[in-house]
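By convention in this document, chain letters (A, B, ...) are assigned in the order of the sequence lines, proteins followed by strands, and residues within each chain are numbered from 1. Values in this document were obtained by computation on a predicted structure and should not be read as measured data.
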Amino acid sequence: MKKESGGLFEKLLETQQIFKNREYLRPTYIPDNLPHREEQIDQLARIWVAPLRGETPSNVFVYGKAGTGKTATVKYLMNELEKTGDEVSRKIEVIHLNCEVVNTKYRILATLANELRGKIQEKDPDAEDLPDQVPMTGWPTDQVYSVLLEILELEEQIVIILLDEIDKLISKGADDVLYVLTRINSDLANTKTAVVGISNDLNFVPQLDPRVVSSLGEEEVLFPPYNAPQIEDILKKRAEMSFEEGVLDDAVIRLCAAHAARGHGDARQALDLLRNAGELAEQERATKVTTKHVTKAFHKVERDKMEEAIRTLPEQSKLVLLSALLLQERKARKIGTGDVYDVYSALCRQNGLEVLTRRRVSGLISELDMMGVLNARVISKGRYGRTKEIELNVESIQARAAIEDEMYVKDLNSITSSKQEKLG
DNA sequence: GTTCCACAGGAAAGCTAGGATG
DNA sequence: CATCCTAGCTTTCCTGTGGAAC
């Protein structure tokens with residue numbers, strides 16, 4: 001970006017430190033102070049004092065949109081709970097599972113069994129009567145279940161099973177584990193278990209088996225989105241810890257908060273934006289982070305999201321998008337559905353791929369429109385019919401990189417020239 | 001006012017992969 | 001193993017339509 005001249009040390013010397021410690025801005029960091037979540041903390045704490053008294057805590061269902069502090073709050077409370085449990089010498093184990101990663105019945109049960117086994121072994125390396133480690137695959141599910149029961153019963157304890165992103169189980173069709181997990185207590189004598197489900201999807205509950213809803217939903221805690229002042233507050237606290245003094249002014253934080261609040265009050269997004277702005281300032285060797293950096297970072301984050309979205313597009317959609325990109329590069333005239341279809345089908349034939357129908361391509365264009373990769377509005381050209389006028393919403397170099405267009409564009413000229421003849 | 005283009009976009013049937021089930 | 005189910009695409013068939021040209 002900038003010219004690379006001057007000695008190495010010279011450059012380093014003039015570098016102004018922006019960050020004190022950027023780790024505090026990362027989504028993995030769990031603060032021990034969660035502003036504006038007092039009510040939720042209170043609700044959850046009331047539920048989770050039970051194990052400290054040796055009682056079984058209720059199952060809890062925690063829901064709220066992304067970046068509303070669900071996971072952070074629950075993890076924070078779980079840490080406290082385990083600590084306090086040690087103090088009053090109650091054995092409380094928390095097993096944290098992310099259902100996006102561990103997303104089948106088998107793997108959830110197996111992971112639970114193995115984690116608990118690991119914890120016992122850690123404490124007492126030559127523990128006897130330990131069942132074998134459950135292999136990642138191969139056993140019948142009910143055998144895994146009975147091993148899990150066996151391990152649970154080894155000691156008197158209370159086990160809290162934390163299922164993060166529990167809504168992912170539904171799409172994977174693994175939601176019947178929930179039924180098993182919520183009834184596990186009836187097969188246990190010494191140990192008590194409780195399930196905590198965390199979901200981003202507010203519509204998750206109605207999709208569940210009613211039996212699971214009644215047991216998992218014993219208690220429900222809702223995490224509402226943060227509003228702009230609240231996000232600002234959170235950012236301020238974190239910024240104090242992570243930035244050097246004086247490199248940040250209030251306007252920067254306010255802008256980050258405003259961007260995030262305009263979405264759906266996603267604090268994670270706001271922190272991410274702030275970190276990116278800081279890193280940008282650092283790269284530019286600026287002495288302060290300004291609102292300009294925030295705006296730049298905002299666009300960068302948006303572009304990255306878009307690029308990722310394009311990269312993970314199905315092949316056919318990529319080809320449709322690529323066709324539109326090629327057309328836009330070649331000519332100024334407005335692009336219509338028919339134009340895209342011509343180029344698209346030529347591309348498919350060149351690559352020996354199946355050519356989808358016009359109807360489908362029209363649908364794919366609409367999907368790309370909804371994604372925001374392009375704008376397609378229906379216009380009428382009178383006698384010359386109706387079509388969607390397509391305008392790309394992405395920089396073509398970046399988009400083509402994301403599509404990996406070299407794979408597809410082999411003989412560009414024949415596509416565009418045949419196109420030219422048709423127009424001619 | 002009518003025509004008629006070049007599509008839009010709804011409905012429903014067909015196809016397919018993958019997974020569950022007998 | 002065959003068979004059945006399901007979800008997600010895709011095709012087929014279809015009716016609808018804004019406005020320039022006639």
Side-chain angles (χ1 to χ4, degrees), chain A residues 99-111 135-145 165-181 201 203-204 206-212 309-324 326-328 331 333-349 351-393 403 408 418-424:
Chain A
C99 302
E100 177 146 38
V101 188
V102 188
N103 54 17
T104 64
K105 187 175 178 178
Y106 184 94
R107 278 166 54 198
I108 286 176
L109 295 177
T111 312
M136 280 328 282
T137 172
W139 289 8
T141 313
D142 53 346
Q143 189 181 347
V144 182
Y145 182 66
E165 312 207 37
I166 196 172
D167 44 320
K168 294 280 158 35
L169 291 180
I170 286 229
S171 49
K172 294 278 172 185
D175 44 327
D176 53 339
V177 228
L178 300 179
Y179 185 64
V180 177
L181 291 180
D201 184 358
N203 280 323
F204 167 66
Q207 297 178 45
L208 279 174
D209 184 332
R211 290 173 304 180
V212 175
I310 293 174
R311 189 169 292 119
T312 54
L313 234 38
E315 189 173 49
Q316 295 285 2
S317 300
K318 280 187 186 172
L319 282 172
V320 171
L321 178 57
L322 180 56
S323 307
L326 291 175
L327 277 169
Q328 196 182 48
K331 56 175 184 171
R333 193 165 71 82
K334 303 279 187 215
I335 308 165
T337 313
D339 306 328
V340 174
Y341 189 76
D342 289 341
V343 176
Y344 158 81
S345 46
L347 265 177
C348 281
R349 261 176 273 136
N351 288 282
L353 292 164
E354 194 189 353
V355 186
L356 298 180
T357 50
R358 286 168 182 280
R359 176 71 188 86
R360 184 62 192 131
V361 170
S362 164
L364 291 177
I365 291 173
S366 299
E367 281 171 27
L368 291 171
D369 179 32
M370 276 192 286
M371 273 177 57
V373 184
L374 48 78
N375 295 324
R377 58 198 177 97
V378 183
I379 54 151
S380 175
K381 291 187 292 182
R383 194 67 200 260
Y384 306 111
R386 265 152 68 86
T387 188
K388 276 202 280 262
E389 190 180 278
I390 294 162
E391 221 175 297
L392 275 304
N393 224 349
I403 297 172
Y408 300 112
S418 69
K419 182 71 196 151
Q420 232 80 71
E421 281 161 33
K422 272 180 94 179
L423 289 172

Q: So, using salt bridge (charged side-chain N to carboxylate O under 4.0 Å, His left out) as the criterion, who are the partners of E389(A) when residues are at least two apart?
A: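 Per chain and number, E389(A) pairs via salt bridge (charged side-chain N to carboxylate O under 4.0 Å, His left out) with R377(A).
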
Q: Can you tell me how far C1' of dA20(B) sits from OH of Y106(A), to the nearest Å?
A: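 Spelled out: OH on Y106(A) to C1' on dA20(B) is 18 Å.
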
Q: Donor-acceptor pair, D342(A) side chain versus D339(A) backbone, under 3.5 Å?
A: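 No; zero donor-acceptor contacts below 3.5 Å.
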
Q: Taking CZ from R377(A) and P from dG18(C), how many angstroms apart are they, rounded to a whole number?
A: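 Rounded to whole Å, this separation is 15 Å.
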
Q: If you round to the nearest 0.5 Å, how far is CG of L181(A) from CG of L109(A)?
A: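 Result: 6.0 Å between the selected atoms.
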
Q: Taking only residues two or more places apart in sequence, or in another chain, which ones meet R311(A) in a salt bridge (charged side-chain N to carboxylate O under 4.0 Å, His left out)?
A: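 Testing R311(A) for salt bridge (charged side-chain N to carboxylate O under 4.0 Å, His left out), a comparison that skips the adjacent residues, returns E307(A), E308(A).
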
Q: Nearest whole angstrom, please: distance from the P of dC7(B) to the CG of D339(A).
A: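 Value for this atom pair: 7 Å.
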
Q: Kindly write out the residues that satisfy salt bridge (charged side-chain N to carboxylate O under 4.0 Å, His left out) with E391(A), not counting sequence neighbours, or none if the list is empty.
A: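 E391(A) satisfies salt bridge (charged side-chain N to carboxylate O under 4.0 Å, His left out) with no residue once adjacent residues are dropped.
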
Q: Please tabulate, one pair per line, each protein N/O and nucleotide N/O from nucleotides 10-13 of chain C that are separated by under 3.5 Å, including the distance.
A:
| unit_1 | atom_1 | unit_2 | atom_2 | d |
| --- | --- | --- | --- | --- |
| dT10(C) | OP2 | R360(A) | NE | 2.9 |
| dT10(C) | OP2 | R360(A) | NH2 | 3.1 |
| dT11(C) | OP2 | T357(A) | N | 3.0 |
| dT11(C) | OP2 | T357(A) | OG1 | 2.8 |

Q: In whole angstrom, what separates K381(A)'s NZ from dA20(C)'s P?
A: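 Rounded to whole Å, this separation is 12 Å.
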
Q: Rounded to the nearest 0.5 Å, what separates atom CG in L374(A) from atom CD in Q328(A)?
A: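 The CD atom of Q328(A) is 9.5 Å from CG of L374(A), to the nearest 0.5 Å.
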
Q: If I take atom CG in residue D342(A) and atom C1' in nucleotide dA6(B), what distance separates them, rounded to the nearest angstrom?
A: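 Rounding to the nearest Å, CG of D342(A) and C1' of dA6(B) are 12 Å apart.
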
Q: Excluding sequence neighbours, so at least two apart, what forms ring pair (Phe, Tyr, Trp, His ring centres under 6.0 Å) with Y145(A)?
A: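 Expected list: none.
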
Q: List in numerical order all residues of residues 382-390 of chain A for which some heavy atom is under 4.0 Å away from an atom belonging to DNA chain B.
A: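 Here the set is G382(A), R383(A), Y384(A), G385(A), R386(A), T387(A), K388(A).
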
Q: Measuring to OP1 and OP2 of dA8(B), would you say a side-chain N or O of T337(A) lies under 4.0 angstrom away?
A: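 So the side-chain polar atoms of T337(A) do come within 4.0 Å of the phosphate oxygens OP1 or OP2 of dA8(B), strictly under.
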
